[in-house]
Amino acid sequence: MQRLKPVDVVIAGGGWVGLAMAKEIAGRTPLSVVVLERGPARRLKDYAAGMDEVDYVLRYRMMQNLAEETATHRHSAGQSAVPIRQYGSFNPGTGVGGAGEHWQGLAYRFLPDQFRLATVLREKHGRAKLPAELAVEDWAVTYEELEPFYWRAEQMMGVGGKAGNLRGQIVDGGNPFEGPRSHEYPNPPHKQTYLVNLFTKAARELGYHPFPSPAATLSQTYRNPDGITRSGCAYCGYCVRYGCMIGAKAQPTNTLLPLLVKRKNFTLRTGCSVRRVVHRDGRAQSVTYVDEVGAEVEQPARVVILASWTLNNSRLLMLSRIGDPYDPSTGKGTLGRNLTHQVGAATPIFLDRPLNGFMGAGGLGITLADFDGDFGLDPSFGILRGGHIRIASGGEAPISSFGRIPPGETEATWGSAWKKAALKWWDRSASITSEAEHLAYRQNYIDLDPNYTDKFGDPLARLTLDWTDHERRQAVMAEKVQETLAKAMGARAGKPARRVGTHYSVVEYQSSHVSGGATAGTSPETSVVNPWMQHWRMPNLWVIGASAFPQNSSGNPTMTILAMAYRAADALVDRYLKHPGALA
Amino acid sequence: MRRREFLELPTKSMGGVLLYTLAQAQQTVRVPLRFFTTAEARVVAAACERIFPSDESGPGATEAGVVIYIDRQLAGPYGRDKYRYTKGPWVDSSPEHGYQGKATPKEIYREGIRLLGDLPALPEAEQDARLRAIEKTAFFQMLRRHTLEGMFCDPLHGGNAGMIGWQLIGYPGPRMSYREEIDQNPGEAWRRKPVSLADMVGHLVAGQEEEKD
């Protein structure tokens, strides 16, 4: 093994979190910062030549190569798991920028009460009425503590939207259910399409409060506080699962990397897969990795930051034997607990008129929070928490969007009659979707698989995860609202594409918002990292990402992840570096 | 190295552009095959044509060259499962875990084609019956999916010849900008003669199927 010269900070993962941490540290201190990214470099010119549905949407060209590394899944602890052999329920990214390159650009904040969920549920229902296996916890931070960091992330990206709560004042046209914002969004909302206007009108008539989905796809040319200027979105439709060819969608490579490459104290190494954190006497010493030519390398550092994708943060800790693995039978151990995903529901809708659905942007759409969090819960469903309802003009691709046919037209799925019906309905269908909170349960967790390994022979992460009746009822309630909205739009509703079936499925795409495993908390008895994302047992090891979520909320998580990263970066730069040790 | 196999196609059936420019010339083109044998390609082409037929509602799989698309995909990294997790142990599992089989797309096709026998020789109704009999198989599901892909992919992948599939549905192809159009024409179809990715970026783009090991 080649042992390199020590550096000050080494970061595993070059996505949103890794590059945001690198930018804060390398930009504000003279410390040497090395980022290790397992995937390739990304260039803007590749993205224009990448407007191809087959390679990018259907063959997942920007995602992790599952042949090299995947995860395994089982529904309950008694079963043996099988590998997720092909893409389905979630899409981990790879390459510089990570999933932040091919994300949808939906830039929600979480609701204030989602940060104190255990308390909220206990106060409302009483401990005795809650399911015994519920493992929901209050977050280590409050919405109020995160607000300035949300604002920093929104400015960095140039998020467009309409505030619904400005310093406590409810503003018409925004989300009246959101937490107070210190500022209006940096940019106005996107232009809206015929489809989303129909949805907005229907939602208003039903008495709901639709608001423009906050979008990190720029609604106009924007210069951020770092002096980075990007042009407004062109609505080309090649957005989700693609990198943006004009840089309008905020991506780590167009917001953070351009600043970092100018810094002499910053080094990015691509094609480098981190395998272990080496530690001794409660201190991380180095990371070991395999570089792009297959050589084994050790990089010593004073500070180690794990900023890889959710599951990998936990897996790296497990492989490095840092912390006590969680045991669901005893409830002891903290590493791997509180694995959550999100509760998706989607109802296809069919309209009389063409939509030009191929135009759009990932962030172009309308959301309602009337059924989010604790709001608008229909008591007949007996559920504890709800979710967003939304519609998007995200840019329909011709292969994926062909073949949607309303019920009652034809039973065929191929041949002349099917073709005729599919042609008639192409560009006249869309989907009303929902993502609800996924509560944490004692039985859902991550550990290492005893049977399956990655390309290096290291055990894969094993997900033990299944739906409970609560999630199934959440989905049914969302579908009911979706159907009501479809009718009010004058559309025909199709059979809901049920994502939450009898059991958790790795086959249908759900969202890439897997979370938990290395949760942040206020006690080392119940969490892996402290409120500043510092490992409880190893003060020079920081573990940052959705891995820190104690349970998942309803919106897309990127802004919350970045807000937590910025807060961690401030603590690291302003406090830890002056007095290295556990922060309190 | 195996003997080169070709598929002969009448030019008048191949794609919109050829159709318009060479309509009079009753010529054939010999397309070199990368994976299928000529006989296999004929079976797959016949099956794709029943899945997405050329009929009174417009052109189908034959005109789009769907079989060429599938041949290239199978010969490339996708066909040999370069991007699928293929380590054992191999065990059967519940439907929620998706396809857990060992066979690669190449192998699934080779086996599936055998089941179809001499499909092109049968009358259409019997072809349909034979396909209906295997509707639930992994092979048929894959064939159906690939037929759609070959109909509506960018022509760089060998299907959607002459962008005939995009013309059929009114898809304008990849374009730089809809800034002026995005909030206009409410409820009215905005349709343009399609452009391909190569047209847009000004050079040929190689698909993942061209990737070498």
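Protein chains get the first letters and strands the later ones, always in sequence-line order, with residue 1 at the start of each.
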Is it the backbone or the side chain of [X] that comes under 4.5 Å from a heavy atom of chain A, or both, or neither?
X: B:A206; value: backbone
X: B:Y78; value: side chain
X: B:P172; value: side chain
X: B:W166; value: side chain
X: B:N160; value: neither
X: B:H97; value: both
X: B:T147; value: neither
X: B:R191; value: side chain
X: B:L197; value: side chain

Which pair of heavy atoms, one from [X] and one from [Y], lies closest together, and at what distance?
X: B:P95; Y: A:V507; value: O-CG2, 3.6 Å
X: B:Y85; Y: A:T453; value: OH-O, 2.7 Å
X: A:N451; Y: B:P89; value: O-CD, 4.0 Å
X: B:R84; Y: A:A67; value: O-CB, 3.2 Å
X: A:M51; Y: B:R175; value: CE-O, 3.5 Å
X: A:R85; Y: B:T86; value: NH1-CA, 3.8 Å

Could you tell me which of [options] has the largest number of non-hydrogen atom pairs under 4.5 Å with chain B?
options: A:G88, A:G501, A:G403, A:C233; result: A:C233
options: A:A412, A:S80, A:P354; result: A:P354
options: A:M245, A:Q64, A:E69; result: A:M245
options: A:H503, A:E508, A:M359; result: A:M359
options: A:P398, A:G357, A:S505; result: A:P398
options: A:L195, A:I246, A:V196, A:V82; result: A:V82

Which class fits the ring pair B:W190 and A:F358: parallel under 30°, tilted 30 to 60°, perpendicular over 60°?
-> tilted

Going by the angle between their ring planes, with limits at 30° and 60°, are B:F52 and A:W418 parallel, tilted or perpendicular?
-> perpendicular

In terms of heavy-atom proximity below 4.5 Å to chain B, should [X] be classed as side chain, backbone, both, or neither?
X: A:D454; value: backbone
X: A:L351; value: neither
X: A:S89; value: neither
X: A:L355; value: neither
X: A:L58; value: side chain
X: A:Y87; value: neither
X: A:K455; value: backbone
X: A:L364; value: side chain
X: A:Q79; value: neither
X: A:H75; value: side chain
X: A:M63; value: neither

If you count heavy-atom pairs under 4.5 Å between each of [options] and chain A, which one has the most?
options: B:E49, B:E135, B:H203, B:E180; answer: B:E135
options: B:S94, B:G88, B:G98; answer: B:G88
options: B:M176, B:E188, B:E209, B:K87; answer: B:K87

Spacing of [X] atom [atom1] and [Y] atom [atom2] [to the nearest 0.5 Å]:
X: B:L148; Y: A:W414; atom1: CG; atom2: CH2; result: 13.0 Å
X: A:I399; Y: B:M151; atom1: CD1; atom2: CE; result: 10.5 Å
X: B:E181; Y: A:Y235; atom1: CD; atom2: OH; result: 12.0 Å
X: B:E96; Y: A:R74; atom1: CD; atom2: CZ; result: 15.5 Å
X: B:E124; Y: A:S416; atom1: CD; atom2: OG; result: 8.5 Å
X: B:H157; Y: A:D55; atom1: NE2; atom2: CG; result: 4.0 Å

For atom CZ of B:R72, is the number of surrounding heavy atoms from other residues, nucleotides or ligands below 6.0 Å larger than 12?
-> yes

When you measure from the side chain of [X] to the backbone N and O of [Y], does any donor-acceptor pair fall under 3.5 Å?
X: A:N356; Y: B:I182; result: no
X: B:Q100; Y: A:P83; result: yes
X: A:K419; Y: B:P53; result: yes
X: B:E149; Y: A:V54; result: no

Does some side-chain heavy atom of B:Y83 sit less than 4.5 Å from a side-chain heavy atom of A:R59?
-> no

Determine, stepwise, if the pair A:D427 / B:I169 fulfils side-chain contact (heavy atoms from CB on, under 4.5 Å).
-> CA-CA 8 Å; A:D427 198 30; B:I169 56 177; over 6 Å; no

Would you say the ring centroid of B:F152 lies under 6.0 angstrom from that of A:F402?
-> yes

